[in-house]
Amino acid sequence: MNRCQIITWLKQNDPIEIEKLEKWADDVRKQNVGEQIHLRGLVEFSNNCSRRCIYCGINAANIALQRYQMSRDEIVECAKTACDLGYGTVVLQSGENRKLDINFLADAIKEIKKTTGLAVTLSVGEWDRDIYKLWQQAGADRFLLRFETSNDELYRRLHPDSSKGVEERYEHLKMLKELGYEVGSGVMIGLPGQSYESLADDLLKFRQLDLDMIGTGPYIKHENTEIGRNIKKFLLDEENQVPASEGMTYKVFALARILCPKANIPATTALATLNPENGYEKALECGCNVIMPNITPMKYRQFYNLYQGKTCSEHLDFDMAIKKRIEKISRMPGVGKGASLRFLERTESEAIL
Ligand code: 5AD
């Protein structure tokens, strides 16, 4: 599929054509990653952040927000919960906190590996190579770092702390891959200032980066951010601006699956926020094969508000409900760690070489 065709799909609004695209993606998903839905327990272990990304509710400039940092024992406890629920992976996510004690995180990872054996995914922003290595040696297997948009001008506008633009993100992704991490990235859909052309480029970039995991979701406004305060200033004219809609999100899931058949693609929380009733089901039927249940202790949840209205349910309730919903669409919760097939393929061929 070329850029022009991707743009046509993104702009498509004939429901019959859209259904064809979703069916195509669902077939590709079936053939490549099968029926299992891998569940990853998400632990938002701290909302401390040093960066000032103008779309994000936990950015450093939001002084109204109460900040928190979970203790090592609390983090390990969450991992045990994930293990008890039968999940194969725990995802440790936080803001990009320059004051984070890197050894604290290494210790938490080691303890999780020792007590649960789960796959550990980190989502903690950009760090130096040595630090990525330290965490990997502690047992971290995977790393998520979205590039948010491939349009350098937009990237710089959104990330005022970035001096080198989106190329710097790609360098980090490359570094993580070279170290042997399974690597995930992604973008937001309908970012104010995002054109159809730039979203098509994002999708092509997923393929070029040969990602193991692709996380995308709609942009959702947050009041205490620069964009949230004056969104009109950032929007393109109606013809060019990608809408941050549910429908657009499914198209991106489907195109990502077709372009990267073996990647793990989550049905994301931001999407479920737009459609709590059956967003997950629809996502899982147009290319997605992963869900990341939030297992952060309830007392911290309200402080990890990246955007407004983020869905929030108690982890045991959510777990029970999601397993039923998975069954209802004739799919099954994943068994094992659910590593990316692309990653296994790559490491196997490297071993032969
Ligand atoms: N709307 C949707 N997603 C957001 N993220 C941050 N802020 C928002 C928002 N306002 C996403 C970013 C980040 C991930 C952890 O959350 O893509 O990489």
Side-chain angles (χ1 to χ4, degrees), residues 40 42-62 65 91-97 121-127 142-151 154-155 157-162 166 168-170 172-173 176 183-194 198-199 202 205-206 209 211 213-231 234-235 242-246 248-249 252-253 256 265-275 279 283 290 292 294 296 301 303-312:
R40 328 287 203 197
L42 175 65
V43 187
E44 298 158 335
F45 70 90
S46 167
N47 67 353
N48 286 313
C49 193
S50 313
R51 299 195 65 162
R52 291 172 300 151
C53 312
I54 66 170
Y55 48 83
C56 182
I58 68 166
N59 79 84
N62 184 3
L65 180 66
V91 182
L92 306 183
Q93 188 176 83
S94 71
E96 186 174 306
N97 174 18
T121 305
L122 300 180
S123 174
V124 294
E126 293 177 355
W127 294 85
R142 309 178 185 145
F143 207 102
L144 305 176
L145 184 65
R146 290 187 179 178
F147 61 82
E148 317 293 1
T149 174
S150 61
N151 179 313
L154 180 58
Y155 185 93
R157 210 180 316 143
L158 298 173
H159 306 102
D161 311 298
S162 160
V166 70
E168 190 170 19
R169 267 298 147 99
Y170 302 149
H172 279 271
L173 293 168
L176 288 159
V183 176
S185 192
V187 299
M188 278 173 280
I189 300 157
L191 273 168
Q194 184 185 55
S198 91
L199 184 54
D202 297 348
K205 198 74 198 174
F206 296 162
L209 291 169
L211 296 173
M213 303 168 279
I214 301 169
T216 64
Y219 161 76
I220 302 174
K221 211 172 85 166
H222 187 294
E223 277 164 356
N224 275 339
T225 59
E226 208 178 315
I227 299 186
R229 278 188 289 271
N230 191 2
I231 193 164
F234 295 90
L235 290 171
V242 172
S245 65
E246 193 188 343
M248 187 58 63
T249 305
V252 172
F253 289 153
I265 304 182
T268 48
T269 314
L271 182 268
T273 299
L274 294 191
N275 179 355
V290 171
M292 298 165 67
N294 196 332
T296 310
R301 295 279 189 102
F303 304 117
Y304 204 84
N305 47 353
L306 304 175
Y307 45 82
Q308 279 159 7
K310 192 162 156 251
T311 66
C312 172

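For ligands, and for the atoms within them, numbers begin at 1 and follow the listed sequence.
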Worksheet item: Residues two or more places apart in sequence or in another chain: which of them pass side chain to side chain donor-acceptor pair (under 3.5 Å) with Ser198?
Response: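 Expected list: none.
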Worksheet item: Are side-chain heavy atoms of Asp202 and Ile189 found at a separation under 4.5 Å?
Response: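 Counting from C-beta outward, Asp202 and Ile189 never come under 4.5 Å.
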Discussion item. Within the structure provided, determine whether Asn97 and Ser50 are in side-chain contact (heavy-atom separation under 4.5 Å).
Written reply: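 Side chain of Asn97 against side chain of Ser50, heavy atoms only: contact under 4.5 Å found.
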Item to complete: Working to the nearest 0.5 Å, report the span between CD of Gln308 and NZ of Lys221.
Response: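 The distance works out to 6.0 Å.
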Practice prompt. Considering non-hydrogen atoms only, spot the tightest contact between His172 and Trp127 and give its length.
Written response: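 Shortest heavy-atom contact: CE1-O, 3.1 Å.
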Worksheet item: If you look at every heavy atom in Ser185 and Phe147, which pair is closest and at what distance?
Response: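 Between these two residues, the closest heavy atoms are OG-N, 3.0 Å.
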Worksheet item: Hey, which residues fall under 4.0 Å of ligand 1 on heavy atoms?
Response: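 Heavy-atom contacts below 4.0 Å: Tyr55, Cys56, Gln93, Arg146, Glu148, Met188, Pro218, Tyr219, Ile220, Leu306, Tyr307.
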